[in-house]
Protein chains: 2
Amino acid sequence: MELTGYGSPSPGHLDATFAALADPTRRAILARLASGEASVSELAEPFAMSQPAISKHLKVLERAGLISRGRDAQRRPRRLEAAPLAEATRWLEHYRQFWEENFQALDAVLEDLKEQEARRPTPRKRRKHP
Amino acid sequence: MELTGYGSPSPGHLDATFAALADPTRRAILARLASGEASVSELAEPFAMSQPAISKHLKVLERAGLISRGRDAQRRPRRLEAAPLAEATRWLEHYRQFWEENFQALDAVLEDLKEQEARRPTPRKRRKHP
DNA sequence: GAGTTCCATGACCTATTGGTTATATAGGGC
DNA sequence: GCCCTATATAACCAATAGGTCATGGAACTC
């Protein structure tokens, strides 16, 4: 089995990763696993749904590479595998600069508008976004 | 209907945000919008799918608060709204510490294995996770 | 070996997703 | 007013998602 290579941010994984993260039950499961591995029944206990439903969620998480399955007697403890989270984070980081700059830029634009409106009385046509 | 409010980063939004990010077409659209606002037809152009399909994707992005709609003549230029991305990133950041530690731990384990294998010839039973 | 615990899987149901085509609406150019 | 461009919307369809209940199977307990 191959760890997602460092070199190949194969975007197919992002699909599965983000899809897995889109469900609150699954996010809660990951949160639980962040504090250590846990058996299926332990993971199921907080939720008002059947064990098979949890197993399905676990399968989704596993196919996204977000968890792995161990074995300990009858138990199949799940453990968090953070690599896909790292990959997803890297994708989002790509935008961090953007939104941070964005708020600064917004301020700048507002300043600019104040100045310009103080000078020119009427702006013109083809408005872009306000 | 108005601009997506600045105010409510409720966690219900994480569902919609991650779900929106789970599709490669939508991620590509966001990437495109990171370099400036664009009309629907501009956004649709790179893709081998119909305009209504793109409009549907845009609706998903909009309901997730990831984009907003402007108006310019007949055009309805979309603009990136990074706030939900920030929220998603914050959720993931929660795990950053975890996976960074994890890789350190992995290194440590690998070191350890090298040492141990140099000494003991055969390891044993009741494996928990490798 | 019989029962029990833990988990996985199959069959089923409904709602949602992601695409299609066809049509409607809104605004600008002439 | 008429047509063209840009976008939205409706109706439809197949596939997937997220649950259910029932059953199966592996591994411990006694």
Side-chain angles (χ1 to χ4, degrees), chain A residues 11-30 32-33 37-64 66-79 124-129, chain B residues 1-2 12-30 32-33 37-64 66-79 125-129:
Chain A
H13 270 160
L14 279 179
D15 288 26
T17 301
F18 283 129
L21 295 180
D23 185 283
T25 301
R26 290 193 291 261
R27 287 198 305 278
I29 288 175
L30 291 181
R32 168 67 179 77
L33 288 176
E37 60 179 39
S39 70
V40 173
S41 32
E42 282 166 353
L43 291 172
E45 183 264 340
F47 300 102
M49 69 180 74
S50 65
Q51 170 260 316
I54 296 295
S55 278
K56 277 196 179 182
H57 281 303
L58 293 176
K59 187 173 283 184
V60 171
L61 289 168
E62 193 173 351
R63 303 203 343 138
L66 283 162
I67 62 176
S68 59
R69 193 181 345 192
R71 56 169 55 200
D72 168 25
Q74 316 104 320
R75 301 192 187 104
R76 297 293 179 271
R78 302 317 207 267
R79 140 189 302 183
R124 303 294 315 296
K125 291 188 75 170
R126 253 246 176 164
R127 307 149 288 161
K128 300 217 149 186
H129 261 181
Chain B
M1 203 222 297
E2 277 321 303
H13 272 160
L14 278 179
D15 287 27
T17 301
F18 283 129
L21 295 180
D23 185 282
T25 301
R26 290 193 292 261
R27 287 197 305 276
I29 289 174
L30 292 181
R32 167 68 180 75
L33 288 177
E37 59 179 42
S39 72
V40 174
S41 33
E42 284 165 351
L43 290 173
E45 184 264 340
F47 300 103
M49 70 180 73
S50 64
Q51 170 260 317
I54 297 295
S55 278
K56 277 196 179 185
H57 282 303
L58 293 176
K59 187 172 284 184
V60 171
L61 289 168
E62 192 173 351
R63 303 201 346 133
L66 283 162
I67 62 176
S68 60
R69 193 180 348 192
R71 55 170 55 199
D72 167 26
Q74 316 104 320
R75 298 187 192 108
R76 296 294 179 271
R78 301 318 208 269
R79 141 189 300 185
K125 278 191 92 168
R126 249 252 178 159
R127 310 145 288 162
K128 295 215 152 190
H129 264 183

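Numbered from 1 within each chain, the chains take letters A, B, ... in sequence-line order.
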Note to self: For Ala38(A), is there any backbone N or O sitting under 3.5 Å from a side-chain donor or acceptor partner on Arg78(A)?
What the structure shows: no
Residue set satisfying side chain to side chain donor-acceptor pair (under 3.5 Å) with Arg26(B), at least two apart, ordered chain then number -> His57(B)
Atom CZ of Arg63(A) and atom P of dT16(D) are separated, to the nearest Å, by 10 Å
Between CD1 of Ile54(B) and P of dT9(D) the distance, given in whole Å, is 16 Å
Closest non-hydrogen atoms of Arg79(A) and Leu33(A), given as atom of the first, atom of the second and distance, are C-CD1, 4.4 Å
Whole-Å distance, Asp15(B) CG to dA17(D) C1', equals 14 Å
OP1 or OP2 of dT20(C) versus the side-chain N and O atoms of Ser50(B): is any pair under 4.0 Å? yes
In short, Leu21(A) meets Phe18(B) closest at the heavy-atom pair O-CD1, 3.4 Å
Per-nt protein contacts along nucleotides 3-18 of chain C (heavy atom under 4.0 Å; B base, S backbone sugar-phosphate only, - none) come out as --BSBBB--------B
Salt bridge (Lys or Arg N to Asp or Glu O under 4.0 Å) pairs touching residues 45-64 of chain A, sequence neighbours excluded, are Glu62(A)-Arg69(A)
For Leu58(B) and Ile29(B), the nearest pair of non-hydrogen atoms, with its separation, is CD2-CG2, 4.0 Å
